[in-house]
S.K.: 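Before anything else, here's the structure in question.
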Protein chains: 2
Amino acid sequence: MDGRSQGLRGDRRVTLTEVAKRAGVSRSTVSFVLNGRTDLRLSADTFTRVRRAADELGYSPNATAKTLRTGRSGTVALVSDFIGTTSFANAMVRGVLESLHDADTLLYTVDTQGEPSLESKLLRSLINRDVDGIIYGSMFTRTIAVPELLRNVPFVLLNCVSDDPDTAAVIPDEVGAGATAASALLAAGHRDRIWFVGIFPPGTTGGAAWHSWSPLALPERLQGIDGALAAAGTELAGSVAIADDWDVANGYSSVAKLVASGATPSALICINDAVGVGACLALQEAGMRVPDDVSVMAFDGSPLTTAVRPTLTSVALPHEQLGRLAAQLLLDGTAAPRVHRVPMTLSPGHSISAPSSAR
Amino acid sequence: MDGRSQGLRGDRRVTLTEVAKRAGVSRSTVSFVLNGRTDLRLSADTFTRVRRAADELGYSPNATAKTLRTGRSGTVALVSDFIGTTSFANAMVRGVLESLHDADTLLYTVDTQGEPSLESKLLRSLINRDVDGIIYGSMFTRTIAVPELLRNVPFVLLNCVSDDPDTAAVIPDEVGAGATAASALLAAGHRDRIWFVGIFPPGTTGGAAWHSWSPLALPERLQGIDGALAAAGTELAGSVAIADDWDVANGYSSVAKLVASGATPSALICINDAVGVGACLALQEAGMRVPDDVSVMAFDGSPLTTAVRPTLTSVALPHEQLGRLAAQLLLDGTAAPRVHRVPMTLSPGHSISAPSSAR
DNA sequence: CTGAAAGCGCTTACAG
DNA sequence: CTGAAAGCGCTTACAG
């Protein structure tokens with residue numbers, strides 16, 4: 001007695017041998033027919049006999065045996081720090097699943113919590129299971145070092161890039177997003193009193209644990225903003241630092257402080273939606289109307305944008321497209337080994353209008 | 001030439017046969033040593049020789065071959081309509097992963113979009129891959145019919161229940177949640193002007209597509225609320241219907257209408273956080289302060305609770321615990337075939353206080 | 001046009 | 001105390 005029966009329940013599984021027996025042909029023939037190999041010309045009669053037998057028995061080939069034989073498993077894995085388990089970012093999973101669906105491929109979801117030892121163990125486990133490829137991702141857009149084990153298998157980076165130029169990677173066009181945000185404000189008539197909310201406190205990239213990951217969103221969005229403003233012959237009036245975390249509470253307190261200091265911004269560009277929501281709440285509590293007195297622009301396009309009145313205008317992260325493209329590149333196998341940038345588009349809300357001075 | 005090399009890259013994978021050769025023993029012996037079978041007494045010398053050979057070669061057993069032989073794959077699947085790809089609810093994935101981590105088990109994530117034909121295809125595909133079990137879940141807490149294919153494999157229901165009493169299922173204690181919400185308001189001194197926001201429009205369980213799924217949250221939370229109020233000798237002053245969807249915009253418009261109608265609630269219990277946020281916005285826009293004039297209580301404990309001032313008090317869905325428990329029950333194999341209810345706990349915010357009349 | 005045989009990399013009774 | 005052999009369920013050259 002070996003444990004084989006444990007995975008099953010009720011009826012024994014139908015095997016290729018049984019189909020062959022029922023159809024009165026060899027196992028080879030059944031395999032050829034069921035895999036649609038037309039290069040071998042089988043008689044039409046044999047063909048239909050085999051198909052019928054398979055149907056009648058409800059035969060479905062065992063994928064484990066197939067994998068052992070062919071080396072291909074029809075599975076890929078999404079390995080990341082937290083993508084699979086985090087709100088909102090996990091829209092990337094949706095995109096991945098969409099692409100895989102058409103390719104009849106199953107997905108392992110693996111979150112490593114950013115722990116290298118756990119990551120190694122899980123990568124090894126996946127490779128031992130003959131995954132056809134791995135999508136290696138990060139919740140924050142950042143630069144990562146490609147784990148050695150990953151090189152045993154085809155892979156694509158998702159929402160992160162590596163130093164190695166010969167690596168396929170898919171990330172949002174954060175620079176373009178910054179330009180989009182600034183351009184929208186310029187188009188509305190803003191120019192001289194545009195502030196940015198969300199730089200790291202002076203002298204630190206540290207502070208909160210995740211700061212040490214150096215999210216690319218901050219420098220690249222700023223770069224895009226600076227570029228667009230410079231092209232219009234202007235620049236940011238100032239920047240507000242946020243310590244700890246880009247959340248509602250910190251957005252609120254930072255902007256409350258800004259307003260209390262006597263600053264009179266015509267528009268705020270906030271590093272993300274949570275900070276943008278906090279900014280709106282602080283402005284409104286200080287008696288300033290959004291957008292009549294101050295316009296507010298944010299990034300991410302998360303559900304938080306609908307949680308304020310007026311709703312928040314935001315440049316949306318293309319999570320789903322990122323996932324979809326990464327999976328496509330992996331499946332194609334012919335992915336250009338370069339960084340693929342996915343555009344971020346404006347998600348319209350009601351927090352932007354002409355500056356009050358222009359009214 | 002057969003396709004075997006395709007899944008690999010660079011070095012060929014080390015096999016058990018090579019370890020045996022290097023250690024100068026048979027493959028059986030290597031297998032026994034590496035699987036720590038102490039019932040067979042091997043000489044200490046053999047033992048260390050094998051271990052050393054395996055280490056030196058960096059041997060890691062091929063899981064596919066192991067699965068084919070033993071019938072156990074060390075994998076389970078989370079099959080649901082949308083859990084893997086939806087914000088917030090996907091905290092269930094986190095819980096599942098936590099439990100699996102300790103058991104050295106990998107997770108397939110599969111979303112069926114609620115399409116039965118896709119579901120069948122995917123279930124079959126998983127069973128063909130010899131998954132050790134399936135967690136079958138739903139994004140909304142509801143009653144489902146167990147798919148026939150699921151019965152080929154051990155399974156546990158997650159966030160849903162079936163008619164079949166002999167089924168292990170894990171769902172939130174929604175009735176208790178209703179009681180918790182009502183009790184918190186009673187404790188704060190509310191009694192006669194407590195309203196509920198979020199019933200279906202009269203005469204429908206339809207309307208929005210998802211209404212036809214009959215989420216258990218509504219009737220069970222109401223049951224808990226009614227019970228707690230009745231025990232205190234009172235009852236709801238009224239209920240407000242919400243059509244389409246339980247979102248911010250609908251919460252806002254429904255409560256705006258309620259207030260405009262001249263109703264003077266002392267507290268609102270909202271079916272979820274989004275509706276609760278909309279309620280707060282509508283109250284504040286009508287010049288009523290939260291919680292000084294009206295207390296607001298919600299359900300879910302989502303990130304939206306932090307997006308309003310004051311922050312929202314909510315009875316939180318225990319997504320992570322649900323996932324963790326479901327996976328544990330599946331792994332144990334000895335899961336009691338019954339419905340396991342996980343308590344929902346109060347997630348404190350600042351939207352509750354004593355009623356204005358009591359001040 | 002079709003079958004017999006080898007082999008993927010393991011585990012596990014069975015012999016000695 | 002350890003090895004030789006069978007077998008999990010497939011695919012695929014190789015013969016005929």
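Worth knowing before you read on, the calculation uses all heavy atoms, side chains too, and leaves out hydrogens, waters and symmetry mates. Order of the sequence lines fixes the chain letters, A, B, ..., with proteins taken first and strands second; residue numbering starts at 1 for each chain.
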S.K.: Rounded to whole Å, please give me the gap between CD in B/Glu18 and P in C/dC8.
M.R.: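 So the two atoms are 11 Å apart, to the nearest Å.
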S.K.: Return the pairing partner of C/dA4 with a 3.5 Å limit on both distances, Watson-Crick or G-U wobble; otherwise return none.
M.R.: none
S.K.: Between B/Tyr59 and C/dG9, does any side-chain N or O lie under 4.0 Å from OP1 or OP2?
M.R.: no
S.K.: Rounded to the nearest Å, what distance is computed from the NZ atom of residue A/Lys21 to the P atom of nucleotide C/dT2?
M.R.: 20 Å
S.K.: Round to the nearest Å and state the distance from B/Leu34 atom CG to C/dT12 atom P.
M.R.: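 Roughly 13 Å, once rounded to whole Å.
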S.K.: What's the closest nucleotide to the B/Asn62 side chain, out of D/dC10, C/dG9, C/dT12?
M.R.: C/dG9
S.K.: Which of the following nucleotides, C/dG9, D/dC10, C/dC10, is nearest to the side chain of A/Leu68?
M.R.: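 Selected nucleotide: C/dG9.
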S.K.: Just N and O in the side chain of A/Thr15: are any of them under 4.0 Å from OP1 or OP2 of D/dC10?
M.R.: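 Checking A/Thr15 against D/dC10: at least one side-chain N or O falls below 4.0 Å of OP1 or OP2.
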S.K.: From CZ of A/Arg129 over to P of C/dC10, roughly how many Å is that when rounded to an integer?
M.R.: 13 Å
S.K.: Please determine if a side-chain N or O atom of A/Thr46 lies less than 4.0 Å away from the OP1 or OP2 oxygen of C/dT2.
M.R.: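 For A/Thr46, the contact criterion (side-chain N or O under 4.0 Å from OP1 or OP2 of C/dT2) is met.
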S.K.: In whole Å, I'd like the distance from the CG atom of B/Asp130 to the P atom of D/dC10.
M.R.: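 One finds 10 Å between P of D/dC10 and CG of B/Asp130, rounded.
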S.K.: Closest to the B/Val25 side chain: C/dG3, D/dG3, D/dC10?
M.R.: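 So the side chain of B/Val25 is nearest to D/dG3.
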S.K.: Do B/Ser31 and B/Ser28 get their side chains close enough for a donor-acceptor pair, meaning under 3.5 Å?
M.R.: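 On atom types as modelled, these side chains do not qualify, holding no pair under 3.5 Å.
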S.K.: Are side-chain heavy atoms of A/His340 and A/Leu329 found at a separation under 4.5 Å?
M.R.: yes
S.K.: Any donor-acceptor pair under 3.5 Å linking the side chain of B/Ser87 with the backbone of A/Phe88?
M.R.: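 Confirmed, B/Ser87 side chain pairs with A/Phe88 backbone.
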S.K.: Specify the separation, in whole Å, of atom CZ of A/Arg27 and atom P of D/dG7.
M.R.: 12 Å
S.K.: Go through C/dG9, D/dT12, C/dT12 for me and flag the one nearest to the B/Phe32 side chain.
M.R.: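 Among the listed nucleotides, the one closest to the side chain of B/Phe32 is C/dT12.
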S.K.: Sub-3.5 Å donor-acceptor pair from the side chain of B/Thr67 to the main-chain atoms of B/Ala63, do we have one?
M.R.: yes
S.K.: So does B/Thr17 get a side-chain nitrogen or oxygen closer than 4.0 Å to the phosphate oxygens (OP1/OP2) of C/dC10?
M.R.: no
S.K.: Can you tell me if A/Thr29 touches the phosphate of C/dG3, counting only side-chain N or O atoms and a distance under 4.0 Å to OP1 or OP2?
M.R.: yes
S.K.: With respect to the side chain of B/Ser31, which nucleotide from D/dA6, C/dT12, D/dC10 is positioned closest?
M.R.: C/dT12
S.K.: Which one, C/dA5, D/dC10, C/dC10, comes nearest to the side chain of A/Pro61?
M.R.: D/dC10
S.K.: To the nearest angstrom, how far is A/Ile127 atom CD1 from C/dG9 atom P?
M.R.: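 So the two atoms are 16 Å apart, to the nearest Å.
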S.K.: Are the side chains of A/Val170 and A/Leu157 in touch, meaning some heavy atoms are under 4.5 Å apart?
M.R.: no
S.K.: Round to the nearest Å and state the distance from B/Lys66 atom NZ to C/dC8 atom P.
M.R.: 19 Å
S.K.: Starting from the 5' end of DNA chain D, give me the residue, B/Ala65 or B/Ser28, whose nearest nucleotide shows up first.
M.R.: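 Result of the comparison: B/Ser28.
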S.K.: Determine whether the side chains of B/Asp81 and B/Ser138 contain a donor N or O and an acceptor N or O closer than 3.5 Å.
M.R.: yes
S.K.: Partner of D/dA13 by Watson-Crick or G-U wobble geometry, both contacts under 3.5 Å, or none?
M.R.: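 Matched D/dA13 with nothing under the 3.5 Å cut-off.
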